[in-house]
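By convention in this document, chain letters (A, B, ...) are assigned in the order of the sequence lines, proteins followed by strands, and residues within each chain are numbered from 1.
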Amino acid sequence: MNNAQIAETFENIAGLLEMKGEKVFTIRAYQRAARTIERLPMELQDMLRDEQDLRTIPGIGKAISEKIAEMVETDSLRYYDNLKTEFPDGILEVMQIPGLGPKTVRRLWQDLGVTDIPGLQATIDDGSLASLPRLGKKTAENIARQIQFQRSQSKRMPIARAQPICDRLIGSLQEQCPSIRRIVPGGSLRRFEETIGDIDLVCTADDPSQVLNALVAMPNVADVIGHGDTKASVYLTDGIQVDLRVVNERHFGALLQYFSGNLQHNILLRDRANALNLSLNEYGITDRETGVIEEFPDEETLYNRLGLQYIPPELRQGVGEVKAALENRIPRLVEVSDIRGDLHDHSDWSDGRDPMEAMVLAVKERGLEYLAMTDHSVGRGIANGLSVERLERHMALVRQLECDIGGIRLLCGTEMDIRADGSLDYDDDVLERLDWVIGSIHSGMGQDVATMTERVIKAMRNPHVDVIGHLSTRLVGERQPVEADYEAIFRAAAETGTALEINASPERLDLRDSHAARARELGVPLAISTDAHTIEALNNTRFGVGVARRAWCEPHHILNTLPFGSFLEYLRLPKSKRTEAFARLARE
DNA sequence: GCCGTTTTCGGCCCGACTGTTTTCAGTCG
């Protein structure tokens with residue numbers, strides 16, 4: 001049983017326990033475990049095979065680790081099977097409807113016999129739902145609307161889709177509301193999560209009601225979920241939920257912190273406040289003795305008041321960052337301005353849109369020192385991949401442009417297919433003449449774990465393959481990652497001196513955060529590359545940097561923060577010496 | 001159910017909004 005299935009089981013257990021009226025802390029423990037397991041970099045079944053103690057994972061103790069072991073061994077869980085017999089099958093779906101919580105669902109089931117969504121709809125239609133105590137006509141209408149929405153609504157969306165929607169929303173609100181002082185995204189968008197559940201906006205304004213009214217009146221608002229004095233929630237016509245919170249300027253720091261989350265991080269922060277006999281909420285910090293409220297214009301002073309280092313939003317995942325901040329172990333994370341070169345770019349020689357010269361000029365304009373032109377290899381027929389003969393002319397043009405344009409160093413590169421059997425698309429005598437070779441998988445993605453792992457490692461053992469591009473080949477929310485023994489691949493990367501790419505294209509974000517963190521721990525050099533096929537896509541570096549920051553990467557973990565001279569020195573070494581040399585070069 | 005520079009037992013974040021009520025329970029983030 002894999003991590004996703006185990007996490008789902010615990011999520012379902014939590015749901016059923018809620019309905020059963022179990023203690024809220026037990027429920028929270030299962031939910032927390034589910035969320036931790038979802039984002040774990042290694043498979044629990046592998047950890048058990050290697051006899052690792054699961055209880056070292058925060059939020060997993062005796063009871064839950066035993067349940068995991070049972071699931072891995074027997075592919076089922078008696079505790080869960082027993083629990084399920086107490087409830088009808090479709091009941092968890094009913095609880096997914098926004099506005100319907102465990103208490104209400106339990107009553108609907110016990111009093112009206114509702115066991116699934118069609119049954120729920122029937123009680124709305126015949127008026128029996130509205131006749132229950134403390135429910136009424138309005139509640140029935142709201143639930144009916146939610147059932148409709150549920151059908152049309154998309155689940156979490158990739159950050160690539162959410163970011164522009166959020167940018168437009170902010171622009172439009174600013175235009176309409178002169179009283180706005182500050183308005184910024186919070187929530188998962190600010191934490192650079194790869195998918196976004198809803199868009200959270202944090203705002204300060206002289207006239208909060210002006211801003212809230214403007215939001216609910218927007219033409220692309222399909223439904224208003226809530227509209228109070230400081231906060232409003234709406235669904236946009238494309239199914240996205242937007243939450244807007246407006247407070248006075250002097251509360252900005254506390255509000256931004258509160259609204260940036262995540263949930264577990266905020267709980268840990270409030271734990272910390274409690275330990276100091278303080279109470280934290282979105283308006284500030286209250287001294288429990290005196291009742292005096294301290295306000296914070298920015299987040300930094302708030303964290304410091306709790307005796308903590310500032311924690312950047314990308315690290316606020318509730319997995320040890322608060323402890324690290326207490327011990328002064330929050331590192332200086334890599335920033336976009338640390339990146340000195342782009343190492344994966346396409347031109348119209350293969351499947352890029354823009355001519356090579358335009359790409360080079362655009363990269364130079366963005367202030368980078370170097371650029372690798374890496375058009376596709378011959379096997380990518382569909383992407384107009386380069387034959388050896390075209391590759392030679394490609395290389396000549398790269399050299400030519402480096403002279404003609406000046407002020408930027410260019411590398412002759414390729415993004416070369418790793419074929420299904422692990423062999424490569426160009427021969428060694430061709431590869432040896434290139435400065436920078438990316439090996440990527442573009443086909444045969446359905447291979448089994450052993451075959452895929454072997455395939456990638458075989459490519460890494462080639463002395464000319466400098467880096468593996470978008471290792472998992474996943475597309476966020478679209479295509480599943482390939483199945484492979486990632487731990488074995490990361491170890492082989494460190495051992496062979498092969499770098500790994502963090503592909504910054506927001507559709508890919510590959511390596512993902514937890515994988516990048518694991519590779520970093522093993523000392524694998526990481527390259528943040530845009531994989532740009534157009535000039536505009538050169539701006540995507542920030543998404544790759546976001547992934548790296550979520551993986552606790554500092555500048556010295558990232559290959560392309562090296563100045564060009566050091567990067568060349570790295571490339572001139574035989575691969576077997578590179579991992580070690582990088583650790584030295586990057587700190588110079 | 002988890003966890004420990006207070007604790008192996010006794011804690012466990014905190015407030016906004018809604019609908020249905022005339023004081024609050026339920027839900028959400």
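Taking atom P in both B:dT6 and B:dC2, one finds a spacing of 23 Å when rounded to whole Å. B:dC17 and B:dG11 have their P atoms separated by 32 Å, with the value rounded to a whole Å. To the nearest whole angstrom, the two P atoms, one in B:dT20 and one in B:dA16, are 22 Å apart. With C1' as the reference atom, B:dT23 and B:dT18 are 14 Å apart, rounded to whole Å. Nucleotides B:dC3 and B:dG15 have their C1' atoms positioned 26 Å apart, rounded to a whole Å. Across the C1' atoms, B:dG1 and B:dT8 are found 15 Å apart, a figure rounded to whole Å. Comparing the P positions of B:dC9 and B:dC14 gives an interatomic distance of 26 Å, to the nearest angstrom.
Residues satisfying the side chain to side chain contact (heavy atoms under 4.5 Å, CB included) test with A:P185, not counting sequence neighbours, are A:C166, A:I170, A:L189. Looking at residues two or more places apart in sequence or on another chain, you find no ring-ring contact (aromatic ring centres under 6.0 Å, His included) involving A:F259. Under the ring-ring contact (aromatic ring centres under 6.0 Å, His included) criterion, A:H515 pairs with A:Y486, A:F490, sequence neighbours left out. Partners of A:R49 by salt bridge (Lys or Arg N to Asp or Glu O under 4.0 Å), not counting sequence neighbours, listed by chain and number: A:D46. Every salt bridge (Lys or Arg N to Asp or Glu O under 4.0 Å) that A:R329 has, sequence neighbours left out, goes to A:E327. Take A:R168 and apply the salt bridge (Lys or Arg N to Asp or Glu O under 4.0 Å) test, not counting sequence neighbours, and it matches no residue. In terms of the salt bridge (Lys or Arg N to Asp or Glu O under 4.0 Å) criterion, residue partners of A:D206 (sequence neighbours excluded) are, by chain and number, A:R181.
Within residues 297-321 of chain A, no residue is approached by DNA chain B to less than 4.0 Å at the level of any non-hydrogen atom. The stretch residues 103-112 of chain A comes close to DNA chain B through A:K103, A:T104, each having a heavy atom under 4.0 Å from the strand.
Distance CE (A:M95) to C1' (B:dG26): 13 Å, rounded to an integer number of Å. A:E22 has its CD atom 14 Å from the C1' atom of B:dC2, to the nearest Å. Counting to the nearest Å, the C1' atom of B:dT6 and the CG atom of A:L326 are 15 Å from each other. Between the CG atom of A:D243 and the P atom of B:dT27 there is a distance of 18 Å, rounded to whole Å. Distance, A:I37 CD1 to B:dG1 P: 14 Å, rounded to whole Å. Remark: P of B:dC28 and CG of A:N262 are 18 Å apart, rounded to the nearest angstrom. Taking atom CD of A:Q264 as the reference point, atom P of B:dG29 lies 17 Å away to the nearest angstrom. As a whole-Å value, the separation of A:Q31 CD from B:dC28 C1' is 12 Å.
Ion pair A:E294/A:R305 flagged as a salt bridge, since at least one NZ, NE, NH1 or NH2 atom sits closer than 4.0 Å to an Asp/Glu carboxylate oxygen. Remark: A:E18 does not engage A:K103 in a salt bridge, criterion side-chain N to carboxylate O under 4.0 Å. The pair A:R182-A:E249 meets the salt-bridge criterion, with a side-chain N (NZ, NE, NH1 or NH2) lying under 4.0 Å from an Asp/Glu carboxylate O. Ionic pairing of A:E193 and A:R191 is present here: one or more N-O contacts between side-chain nitrogen and carboxylate oxygen are shorter than 4.0 angstrom. Using a 4.0 Å cut-off between charged nitrogen and carboxylate oxygen, A:R145 and A:E141 do not count as a salt-bridge pair.
At least one donor-acceptor pair closer than 3.5 Å links the side chain of A:Q45 to the backbone N or O of A:M1.
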Table of protein N/O atoms under 3.5 Å from nucleotides 3-5 of chain B N/O atoms:
residue: B:dC3; atom: OP1; partner: A:G59; partner atom: N; Å: 2.7

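Nucleotide B:dC2: paired with B:dG11 (Watson-Crick or G-U wobble, both distances less than 3.5 Å).
Under the 30°/60° scheme for interplanar angles, the aromatic rings of A:F87 and A:W109 are found to be tilted.
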Fill in: Contact letters for nucleotides 10-20 of chain B, in which S counts primed atoms plus P, OP1 and OP2 and B counts the base, heavy atoms under 4.0 Å
--BBBSSSSBS
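Across all strands shown, A:L100 has heavy atoms under 4.0 Å from sugar-phosphate atoms exclusively, and none from any base.
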Under 3.5 Å, which donor-acceptor pairs link side chains of residues 280-292 of chain A to any protein atom two or more places apart or in another chain?
residue: A:N281; atom: OD1; partner: A:Y283; partner atom: N; Å: 2.8
residue: A:N281; atom: OD1; partner: A:G284; partner atom: N; Å: 3.2
residue: A:E282; atom: OE2; partner: A:R245; partner atom: NH1; Å: 3.2
residue: A:E282; atom: OE2; partner: A:R245; partner atom: NH2; Å: 2.8
residue: A:D287; atom: OD1; partner: A:E289; partner atom: N; Å: 2.8
residue: A:D287; atom: OD1; partner: A:T290; partner atom: N; Å: 3.4
residue: A:R288; atom: NH2; partner: A:N274; partner atom: OD1; Å: 2.3
residue: A:E289; atom: OE2; partner: A:N277; partner atom: ND2; Å: 3.2
residue: A:T290; atom: OG1; partner: A:V292; partner atom: N; Å: 3.2

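Each of A:L132 and A:S65 was assigned the nucleotide of DNA chain B with the nearest heavy atom; the assignment lying further toward the 5' end belongs to A:S65.
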